[in-house]
Amino acid sequence: MRDCYFYGDNKIFDVMSFERGYMIYVHNVISERCLGTHVSISGTGTDGDRLVDLTVYDCRFDYGRTALSGNGYVEGIYFRRNICLRQHNISVSLNGTPQWTIPSVKLQENDFDGGDSIGVQVNYLSNFQFNDNWFSSLQDTALRIDAQAAGGTVSANQFYATPGRSAIEIGGGNVVITGNTISGGNQGLYLRGSSRNIVFTGNAITYMQGSAINLYENPSQVTIVGNNLIGNVGGISSGGTTLNVANNLTAAA
C-alpha cells in the first residue's frame, strides 16, 4: 500500500488492519483523524498463521489512539521515518504472548510527538533495535519496555520528557542503552524491580525534576558507566543489586 491519503473524520475506527500474511509494505501514506489504530497487525498462530515482515516507512499518522499496534503471532517489524502525532493511547504498541515472543523489530528515525500517549510500549519482544528516534511533548512515558521484553538496544534517540513523567522505563532484561540525549521530565531512566542485565553508558540526562536514574525497586545486574548527569534534582538513586557504577559526570541543579 503506497501513496494513499486516509481521512477518518473521527468516524473510522481502524484504518489499515492486517491479519496474517507475508511481506507487507506501507509507504508514503497519510492517515488522519481515526478513532482507533492507523495500522493494526496480528497473527493467529505459528507457521502460516503468522504475520511476517511488515515494513512501514515515510508515513504520517495524525490523531488517533495508536499509530501502530502489533499483537500475537507477528514477526519482523520495520517502522522507519514515520511521523506519529497526537495519539491518545500508545503511539506504537507491540505485544506478543506467553506462547510467542515477537522477534526482530526495528524502530528507526521516527518522530513521536504530542498527544496524551505513551510513545512506545513493548512486551514479549526480542531482538529489537530502537534508534535515532525523537520523543517530544508526550503526556506519559516516552519509552516503556515491559518485563517480558529482552535482548535489544536503545541508541542515539532524543527524549524530551514531560514534567512528572519518565523518559525511559524498563522492566525487561538484556538491554543496552547508549548515546541517548534525555532531558526534562521527572526521571531519565526508571528501572523496575523485574529489570536485569541493563547497560546504560554514554548517555546525557539533564534537568530532571527527580532522579536522573531511579533504582529504588532494586533491579539486578546494572551497569551505569560514562554518562553525563547534569542539572538534575537527583543523580543516581539508592537501590539495585550487583551494580557497576563508574565514571559518571554528575553536577546537581
Could you check L215, T223, I145, I177 and say which one makes a side chain to side chain contact (heavy atoms under 4.5 Å, CB included) with I198? I177
Taking atom OG of S194 and atom CG of D146, what is their separation to the nearest 0.5 Å? 8.0 Å
Whether S91 side chain and C84 backbone form a donor-acceptor pair below 3.5 Å: no
For atom OH of Y207, decide whether the heavy atoms of other residues, nucleotides or ligands shown that lie under 6.0 angstrom number more than 12. no
Plane angle bin for F79 and F61 - parallel if under 30°, tilted between 30 and 60°, otherwise perpendicular: parallel
Ion pair check, D49 and R20, cut-off under 4.0 Å: yes
Does any donor atom in the side chain of D58 or N28 lie under 3.5 Å from an acceptor atom in the other side chain? no
Do the non-hydrogen side-chain atoms of F18 and I24 ever get within less than 4.5 Å of each other? yes
Using the benzene-type ring in the case of Trp, are the ring centres of Y160 and W134 under 6.0 Å apart? yes
Between atom CD of Q87 and atom CD1 of I118, what is the distance when rounded to the nearest 0.5 Å? 13.0 Å
Check each of I205, V222, N180, V225 against F200 using the side chain to side chain contact (heavy atoms under 4.5 Å, CB included) test, and report the only one that passes. I205
For the pair N218 (side chain) and G193 (backbone), establish whether a donor and an acceptor sit closer than 3.5 Å, ignoring hydrogens and angles. no
Any donor-acceptor pair under 3.5 Å linking the side-chain atoms of S69 with those of N71? yes
Mark yes or no for whether D9, through its side chain, and Y7, through its backbone, hold a donor-acceptor pair below 3.5 Å. no
Donor-acceptor under 3.5 Å (N157 side chain, N133 main chain): yes
So do the side chains of F112 and S136 get within less than 4.5 Å of each other, counting heavy atoms only? no
Would you say S211's side chain and G234's backbone share a donor-acceptor pair under 3.5 angstrom? no
Here the pair of heavy atoms bringing L229 nearest to A212 is CD2-CB, 4.2 Å
Got R50 and Y22 here, is their nearest side-chain heavy-atom distance under 4.5 Å? no
Passing candidate, side chain to side chain contact (heavy atoms under 4.5 Å, CB included) with L68, options T37, I77, V26: I77
For N82, is there any backbone N or O sitting under 3.5 Å from a side-chain donor or acceptor partner on N110? yes
Hey, what do you get for OG1 (T141) to CD (E169), rounding to the nearest 0.5 Å? 5.0 Å
Would you say M16 ends up clustered with V56 if hydrophobic residues are merged whenever their side chains have heavy atoms under 4.5 Å apart, either directly or through other cluster members? yes
Heavy atoms, side chains only, cut-off 4.5 Å: are F135 and D111 in contact? no
Is R81 salt-bridged to E109, cutoff N-O under 4.0 Å? no
N214 side chain to Q187 side chain, donor-acceptor N/O pair below 3.5 angstrom: yes
Does the side chain of H88 come within less than 4.5 Å of S117's, by heavy atoms? no
Can you list the steps and then say if Y78 with T55 is a side chain to side chain contact (heavy atoms under 4.5 Å, CB included)? CA-CA 5 Å; Y78 309 99; T55 301; 3.8 Å; yes
Give a yes or no on whether the backbone of N227 and the side-chain of N248 come within a donor-acceptor separation of less than 3.5 Å. yes
Is it the case that the ring center of H38 lies less than 6.0 angstrom away from the ring center of F6? no
Taking the side chain as C-beta and beyond, is there a heavy-atom pair between V52 and M23 under 4.5 Å? no
Would you say the side chains of T242 and Q221 form a donor-acceptor pair under 3.5 Å? no
Tell me, with the steps shown, if R86 and D62 meet salt bridge (Lys or Arg N to Asp or Glu O under 4.0 Å). CA-CA 6 Å; R86 298 185 295 179; D62 188 0; 2.9 Å; yes
Which word best sums up how the rings of Y73 and W100 line up, parallel for under 30°, tilted for 30 to 60°, or perpendicular for over 60°? tilted
Looking only at side chains, do N131 and Q108 share a donor and an acceptor under 3.5 Å apart? yes
Over-ring placement of R80 relative to Y57, 6.0 Å and 45° cut-offs: no
